[in-house]
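A note on names: the letters A, B, ... follow the listed sequences, proteins ahead of strands, and every chain is numbered from 1. When reading the values below, keep in mind they use all heavy atoms of this one structure, side chains included, and skip hydrogens, waters and symmetry mates.
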Protein chains: 4
Amino acid sequence: MQERSRRTQAALIRATTELVAEAGYHGATTKAIAERAGVSEGTIYRHFPDKKALFAAAVMAGQRDVTEWMEQLPGRAGSAPVVELLAETLTQLSRLREAVLPLEEASPHVMRPVEDLSREELVDALRSTGGPPLLLADFLAAEQRLGRLRSDLDPARTAVMLLAAFLGVQTSPLAGSKGLDEDDVQLFAELFCAGLVTGRDPAASS
Amino acid sequence: MQERSRRTQAALIRATTELVAEAGYHGATTKAIAERAGVSEGTIYRHFPDKKALFAAAVMAGQRDVTEWMEQLPGRAGSAPVVELLAETLTQLSRLREAVLPLEEASPHVMRPVEDLSREELVDALRSTGGPPLLLADFLAAEQRLGRLRSDLDPARTAVMLLAAFLGVQTSPLAGSKGLDEDDVQLFAELFCAGLVTGRDPAASS
Amino acid sequence: MQERSRRTQAALIRATTELVAEAGYHGATTKAIAERAGVSEGTIYRHFPDKKALFAAAVMAGQRDVTEWMEQLPGRAGSAPVVELLAETLTQLSRLREAVLPLEEASPHVMRPVEDLSREELVDALRSTGGPPLLLADFLAAEQRLGRLRSDLDPARTAVMLLAAFLGVQTSPLAGSKGLDEDDVQLFAELFCAGLVTGRDPAASS
Amino acid sequence: MQERSRRTQAALIRATTELVAEAGYHGATTKAIAERAGVSEGTIYRHFPDKKALFAAAVMAGQRDVTEWMEQLPGRAGSAPVVELLAETLTQLSRLREAVLPLEEASPHVMRPVEDLSREELVDALRSTGGPPLLLADFLAAEQRLGRLRSDLDPARTAVMLLAAFLGVQTSPLAGSKGLDEDDVQLFAELFCAGLVTGRDPAASS
DNA sequence: CATGAATGAGGTTTCATTCAT
DNA sequence: TATGAATGAAACCTCATTCAT
């Protein structure tokens with residue numbers, strides 16, 4: 001039955017995401033994943049060709065959630081001070097991504113040997129059309145057209161840098177293990193955005 | 001021989017750092033490390049109680065190099081525009097840390113399950129007296145006293161955020177595998193520092 | 001439907017035979033067999049109690065084809081020089097058995113641990129009434145009565161030895177992977193039969 | 001210590017050979033081999049890169065024993081009736097090879113998927129200089145020069161065929177599981193050799 | 001001090017077989 | 001009856017760690 005199949009698959013992806021968040025990449029063994037998902041280890045391989053594919057699916061699923069939220073962002077350009085919009089976006093991101101982040105961050109240094117080829121594919125997918133970086137770039141470009149953002153910035157490059165910096169803050173061991181609170185996000189948005197806005201942004205005067 | 005002992009230890013640390021950078025955390029097995037260091041596997045355990053200790057030592061060693069460079073920073077407060085000083089600092093950091101970063105980044109998500117306790121210890125050590133975050137905080141405080149930096153910022157918190165954001169940019173899969181070039185560093189410094197400086201900083205007018 | 005049932009069964013047997021020939025014993029997994037036969041894995045167990053039974057059936061089916069051809073052999077005793085008749089027989093065998101041989105050869109060393117008991121049953125079946133060895137023995141006995149074959153040979157024992165030797169040549173890794181050509185069969189027949197015939201066989205003088 | 005290493009290696013090879021003979025290819029699991037050899041499973045991989053290499057080493061070791069015995073054969077050409085020499089050779093072979101044979105016979109159809117490339121290498125090695133087939137070919141050529149063997153036969157081809165046929169008889173499921181006794185070997189030698197010898201061989205008249 | 005063989009727990013993956021639909 | 005998802009034992013292999021030499 002396709003219904004049951006879909007449920008199992010979702011359970012596996014959820015178990016993977018949770019376990020990586022909780023116990024790190026090493027804790028996300030096939031055994032632990034199967035246990036958490038309430039299936040046997042063999043079942044994993046009925047739904048994914050190997051562990052690598054399961055991880056990729058988990059990353060993509062998380063990615064999808066984030067993307068869905070961000071799709072509204074470009075349309076909201078100009079509706080509030082830039083800093084405010086960015087702060088809201090980052091707050092949402094920090095909530096949505098909490099679970100997914102370890103997975104993605106783990107990929108470059110950790111998953112490399114497991115994945116070889118597929119690592120590039122995965123990153124490509126993350127960057128490809130419609131992903132958060134592009135959506136953020138769209139938003140920045142829209143604000144540029146409104147004259148509220150420095151016109152000498154490359155939206156794509158800036159978007160990537162902003163996201164990467166934020167993810168860095170969110171995951172850095174320097175930040176402690178507690179994660180970020182509202183204040184942290186607000187401070188980050190303020191600091192970083194001060195370099196982005198022009199005088200025409202109403203919040204720039206503060 | 002203490003001399004020989006020290007050389008072996010250094011070789012092990014160097015081998016560990018190189019291997020993590022080259023082959024990722026999974027490539028840094030005790031066997032590979034011993035081979036690269038030109039000793040036998042058993043020898044590792046003459047110098048470190050376990051692999052975890054070797055990794056911690058490797059992180060600390062890298063940390064030491066970075067710290068040595070940063071120790072001059074607080075004394076240079078006021079000697080040039082803040083943005084310029086920070087850009088120079090980040091450029092140095094991006095060079096010095098290239099090798100060590102994978103090690104540190106690997107630690108939170110990768111070493112956690114292996115180490116549990118030690119992770120906290122490690123992070124504590126990274127934040128403890130004399131480390132780059134504190135040195136950067138000292139520099140920021142000095143600039144605050146000179147009136148060139150917003151006085152409402154907590155230097156310690158800001159320093160951590162700045163470093164974490166920069167490390168995030170440096171290691172993010174979003175940035176591609178090529179790493180950062182001079183322009184990227186410059187852009188980052190500009191964007192981020194615009195939120196830090198006051199009108200009294202000579203570069204603030206640009 | 002008994003008709004449909006028979007077709008499925010035949011498809012399974014054919015798939016098994018083909019797969020063992022193509023991909024070796026390890027390639028003949030239940031999954032691969034079901035795929036090739038165009039049914040689901042579970043269906044196998046509607047038609048055969050287990051994999052072992054499927055293999056036995058496949059061996060028997062191949063055996064049946066060979067047997068059918070050999071049934072004419074005893075009746076042709078005396079109709080041509082012994083060497084010629086044997087060469088023709090072996091040529092036919094080498095063609096008919098090409099597909100089935102791997103199955104049979106695989107059985108003793110491969111299926112033994114899977115089957116234990118059944119291996120004996122299988123071999124018994126192979127030797128039982130009507131099988132090629134007995135038919136060849138009948139032919140040899142007939143030739144003995146015609147005086148064209150050494151009378152001191154035990155027909156049954158000789159038949160088994162002749163067939164076994166030929167199968168050995170046909171499957172030996174020493175012979176390379178290309179199999180036997182006509183010349184090889186001819187040479188084998190000549191060499192081996194020279195020890196069988198008496199002076200009264202017209203070909204014995206060559 | 002190299003001494004201990006060699007002993008372990010020998011024990012592993014012996015265990016592998018025995019287990020394949022006793023329990024078939026499927027019975028020769030890494031676990032069973034390690035148990036039989038009195039070491040842990042992990043130890044296997046300190047001495048051989050993988051199971052395939054262990055099997056190859058076991059085949060080669062058996063091959064070496066057989067080869068050692070056969071090296072004297074070419075020198076004995078002419079020292080006794082051809083049939084007698086061959087019978088003796090085959091008797092020795094049937095003893096020496098009893099253990100090794102399953103391994104070799106298993107290779108083409110069974111080990112293929114495990115070995116892929118290496119199967120060809122293995123067979124090449126079996127056929128390469130100095131192996132039993134070549135030694136037997138040397139012997140046949142020597143007998144040809146003595147005029148006791150048909151001069152129209154290709155020694156190499158005949159040697160391969162003779163060995164393959166004999167191995168076939170020795171391992172055929174048709175022959176039952178008891179193996180060959182002296183009488184069987186004698187009969188095989190007589191039958192097969194009758195086609196080889198000329199009138200000048202003293203045994204040809206019997 | 002150094003070696004390197006040995007360990008054994010644990011990892012990912014396969015596959016014959018069962019069972020709910 | 002046919003399906004195909006689920007099972008779980010067992011396969012091969014890795015690796016941090018110990019210990020006799």
S.K.: Output the rounded distance in Å from CZ (C:F55) to C1' (E:dA16).
M.R.: 12 Å
S.K.: Can you tell which of E:dT3, E:dA16, F:dA6 lies closest to the side chain of A:R4?
M.R.: F:dA6
S.K.: What is the distance from CG of A:L12 to C1' of E:dT12, rounded to the nearest Å?
M.R.: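 Answer to the nearest Å: 15 Å.
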S.K.: Round to a whole Å and report the spacing from CZ of B:F48 to P of F:dT18.
M.R.: 16 Å
S.K.: Please report the shortest heavy-atom distance between C:G27 and C:A32, naming the atom on each side.
M.R.: O-CB, 3.5 Å
S.K.: Round to the nearest Å and state the distance from D:K31 atom NZ to E:dG10 atom P.
M.R.: 15 Å
S.K.: How long is the line joining CG of D:L54 and P of F:dA11, in whole Å?
M.R.: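 Nearest whole value for this atom pair: 15 Å.
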S.K.: Can you tell me how far the CG atom of B:L54 sits from the OG1 atom of B:T30, to the nearest 0.5 Å?
M.R.: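 The OG1 atom of B:T30 is 9.5 Å from CG of B:L54, to the nearest 0.5 Å.
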S.K.: With rounding to the nearest 0.5 angstrom, report the NZ to OH distance, B:K51 to B:Y45.
M.R.: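 OH of B:Y45 is found 8.0 Å from NZ of B:K51.
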S.K.: Taking any heavy-atom pair under 4.0 Å as a contact, classify A:T43: base, sugar-phosphate, or nothing.
M.R.: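 Here A:T43 touches the bases of the nucleic acid.
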S.K.: Can a donor-acceptor pair be found, under 3.5 Å and without considering hydrogens, that links the side chain of A:T17 to the backbone of A:I13?
M.R.: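 Here the side-chain-to-backbone pair exists.
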S.K.: If every non-hydrogen atom of D:A58 is compared with every non-hydrogen atom of D:T16, which pair is closest and at what distance?
M.R.: CB-CG2, 4.1 Å
S.K.: For C:R36, I'd like to know if atom CZ has over 12 heavy atoms of other residues, nucleotides or ligands within 6.0 Å.
M.R.: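 Counting neighbours around CZ of C:R36, more than 12 heavy atoms of other residues, nucleotides or ligands fall under 6.0 Å, so yes.
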S.K.: Applying a 4.0 Å non-hydrogen cut-off, can you work out what B:T29 is touching in the nucleic acid: base, sugar-phosphate, or nothing?
M.R.: sugar-phosphate
S.K.: What contact category does A:T8 fall into here, base, sugar-phosphate, or nothing, at under 4.0 angstrom with non-hydrogen atoms?
M.R.: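 Sugar-phosphate, no base atom in range.
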S.K.: Of A:D50 and C:I44, whose closest DNA chain E nucleotide lies nearer the 5' terminus?
M.R.: A:D50
S.K.: Find which nucleotide of DNA chain F each of C:E41 and A:V39 is nearest to by heavy atoms, and output the residue with the more 5' nucleotide.
M.R.: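 Here C:E41 is the residue nearer the 5' end.
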S.K.: Could you tell me whether the phosphate oxygens of F:dT3, OP1 or OP2, come under 4.0 Å of any side-chain nitrogen or oxygen in C:S40?
M.R.: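 Yes, C:S40 has a side-chain N/O under 4.0 Å of OP1/OP2 on F:dT3.
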S.K.: Find which nucleotide of DNA chain F each of D:T30 and B:G42 is nearest to by heavy atoms, and output the residue with the more 5' nucleotide.
M.R.: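 Counting from the 5' end, the first nearest nucleotide belongs to D:T30.
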S.K.: To the nearest angstrom, how far is B:E35 atom CD from E:dT3 atom C1'?
M.R.: 14 Å
S.K.: Rounded to whole angstrom units, what separation is found between the CD atom of A:E3 and the P atom of F:dG4?
M.R.: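 About 16 Å, once rounded to whole Å.
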S.K.: Between D:Y45 and F:dT14, is there a contact of a side-chain N or O with OP1 or OP2 at under 4.0 Å?
M.R.: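 Looking at the OP1 and OP2 atoms of F:dT14, neither is under 4.0 Å from any side-chain N or O of D:Y45.
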S.K.: Nearest-Å distance, CD (C:Q9) to C1' (F:dA2)?
M.R.: 15 Å
S.K.: Can you tell me how far the OG1 atom of B:T8 sits from the CD1 atom of B:I44, to the nearest 0.5 Å?
M.R.: 11.5 Å
S.K.: Roughly how far apart are A:I33 CD1 and A:F48 CZ, rounded to 0.5 Å?
M.R.: 9.5 Å
S.K.: With each end axis built from five pairs of C1' atoms, what bend angle do you get for the helix from E:dA2-F:dT21 to E:dT21-F:dA2? Round to 10°.
M.R.: 10°
S.K.: So, is D:K51 near the phosphate of F:dC12, with a side-chain N or O under 4.0 Å from OP1 or OP2?
M.R.: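 Indeed, a polar side-chain atom of D:K51 lies that close.
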S.K.: Between the base of E:dA2 and the side chain of B:R46, is there a donor and acceptor pair under 3.5 angstrom?
M.R.: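 For B:R46, whose side chain was compared with the base of E:dA2, there is a donor-acceptor pair (under 3.5 Å).
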S.K.: Let me spell it out: for each of B:H47 and D:H47, pick the nucleotide of DNA chain E with the closest heavy atom. Which residue's pick is nearer the 5' end?
M.R.: B:H47
